[in-house]
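One structure is given here, and the rest of the page talks about it.
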Amino acid sequence: MISKLDSVLMTQRKFIFNYKNVRWARGRHETYLCFVVKRRTGPNSLSFDFGHLRNRSGCHVELLFLRHLGALCPGLWGSSVDGARMCYAVTWFCSWSPCSKCAQQLAHFLSQTPNLRLRIFVSRLYFCDEEDSVEREGLRHLKRAGVQISVMTYKDYFYCWQTFVARRERTFKAWDGLHQNSVRLVRKLNRILQPCDTEDLRDGFALLGL
């Protein structure tokens, strides 16, 4: 399991540089992924683990996370004593949204793992400016696979600061433009995912024979 010692927490400077939701993110070539893994251990209790990863040796961080999944989610592919599979809820806070290839591989993986639920919060959208961008279609593919995709807002940055950063009692201070950029990115993401919503409506009408 990932240790929760201060040595594995992100530095304040590293977090702010990589997660700052600026419009022109120059020099930010890596993707950081902060994660929380929760497992229900009883009727009224949850166990959880957390940590962070970044791209390594040419492997995108989303796929790197899947490599660690066996350790983070014991029993994910097996069965408990009563024959039921362990159920996990995973939340990611990513500095960039997934590329189209990672999105497709994630969607395929989740289709084979119905007992794992994934939510993704992103600081910035990766190559999503063009209307016909394959990265946009990748995000829609993830939504069709049941992934909840959202843009990070102040409360998400605050949560990450409290959970993943060696803050040394320093409170999180919003940078200039955080709220405005979040609003802009929320609207952009909604426009990207809208075709997926339209398709869902069409499927519903088809089932009703309309």
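Along the sequence shown, residues are numbered consecutively beginning with 1.
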Other ILVMFWY residues reachable from W96 by side-chain steps of under 4.5 Å: Y126, F127

Single-linkage hydrophobic cluster, 4.5 Å side-chain cutoff, L110 and V61 together: yes

task: Please report the shortest heavy-atom distance between K188 and C128, naming the atom on each side.
output: CE-O, 3.5 Å

statement: Of all heavy-atom pairs linking A103 and L142, the shortest is O-CD2, 3.5 Å

field: Sub-6.0 Å ring centroid separation between F93 and Y159
entry: yes

- prompt: R67 side chain to F65 main-chain N or O, any donor-acceptor pair under 3.5 Å?
  reply: no

query: Taking all atoms of both residues into account, what is the closest heavy-atom pair of L69 and L76, and its distance?
result: CD2-CD2, 3.7 Å

statement: Scanning both residues in full, the closest heavy-atom pair of C102 with E62 reads SG-OE1, 3.6 Å

- request: Please confirm whether the backbone N or O of G138 pairs with a side-chain atom of Q104, one donor and one acceptor, at under 3.5 Å?
  value: no

Common cluster, F121/Y154, ILVMFWY with side-chain heavy-atom separation under 4.5 Å: yes

- prompt: Given side chains that start at C-beta, do those of H108 and H141 come closer than 4.5 Å, heavy atoms only?
  reply: no

message: Is the shortest side-chain heavy-atom distance between T163 and C34 below 4.5 Å?
response: no

Closest contact, heavy atoms only, L139 versus I149: O-CD1, 3.4 Å

message: Donor-acceptor pair, distance only, cut-off 3.5 Å: does the side chain of N21 make one with the backbone of L178?
response: yes

- prompt: Quick one: are L125 and R136 in side-chain contact, heavy atoms under 4.5 Å?
  reply: no

- prompt: Is there a path of hydrophobic side-chain contacts, each under 4.5 Å between heavy atoms of I, L, V, M, F, W or Y residues, that connects F158 with Y19?
  reply: yes

query: Is it true that a side-chain atom of N115 and a backbone atom of M86 form a donor plus acceptor pair closer than 3.5 Å?
result: yes

- request: Using a 4.5 Å cut-off on heavy atoms from C-beta on, say whether the side chain of L106 contacts that of V147.
  value: no

message: I'd like to check W77 versus T113 (side-chain heavy atoms, cut-off strictly below 4.5 Å). Are they in contact?
response: yes

message: Are the side chains of L189 and L185 in contact, using a 4.5 Å heavy-atom criterion?
response: no

- prompt: Between R144 and E137, is there a side-chain N and carboxylate O pair less than 4.0 Å apart?
  reply: yes

message: Checking the side chain of H179 only, and the main-chain atoms of T153 only, is there a donor and an acceptor separated by less than 3.5 Å?
response: no

message: Quick check: do R124 and S95 have side-chain heavy atoms less than 4.5 Å from each other?
response: yes

Student check: side-chain heavy atoms of I16 and W161 closer than 4.5 Å: yes

message: Quick check on the 6.0 Å ring-centre criterion: do F15 and Y32 meet it?
response: no

Whether R28 side chain and F17 backbone form a donor-acceptor pair below 3.5 Å: yes

- prompt: Hey, any chance V165 and V36 share a hydrophobic cluster, counting ILVMFWY side chains that come within less than 4.5 Å of each other, even indirectly?
  reply: yes

task: Kindly say whether C73 contributes a backbone atom to a donor-acceptor pair with the side chain of R39 at under 3.5 angstrom?
output: no

query: Out of curiosity, L33 CG to L53 CG, how far, rounded to the nearest 0.5 Å?
result: 6.0 Å

statement: One should read off an interatomic distance between N181 CG and K20 NZ, to the nearest 0.5 angstrom, of 10.0 Å

query: Under a 4.5 Å side-chain heavy-atom rule over Ile, Leu, Val, Met, Phe, Trp and Tyr, are M152 and W175 clustered together?
result: yes

Whether Y88 side chain and P74 backbone form a donor-acceptor pair below 3.5 Å: yes

Heavy-atom closest pair, residues C59 and L64: SG-N, 3.8 Å

- prompt: CG of N18 to SG of C94: how many Å apart, nearest 0.5 Å?
  reply: 12.0 Å

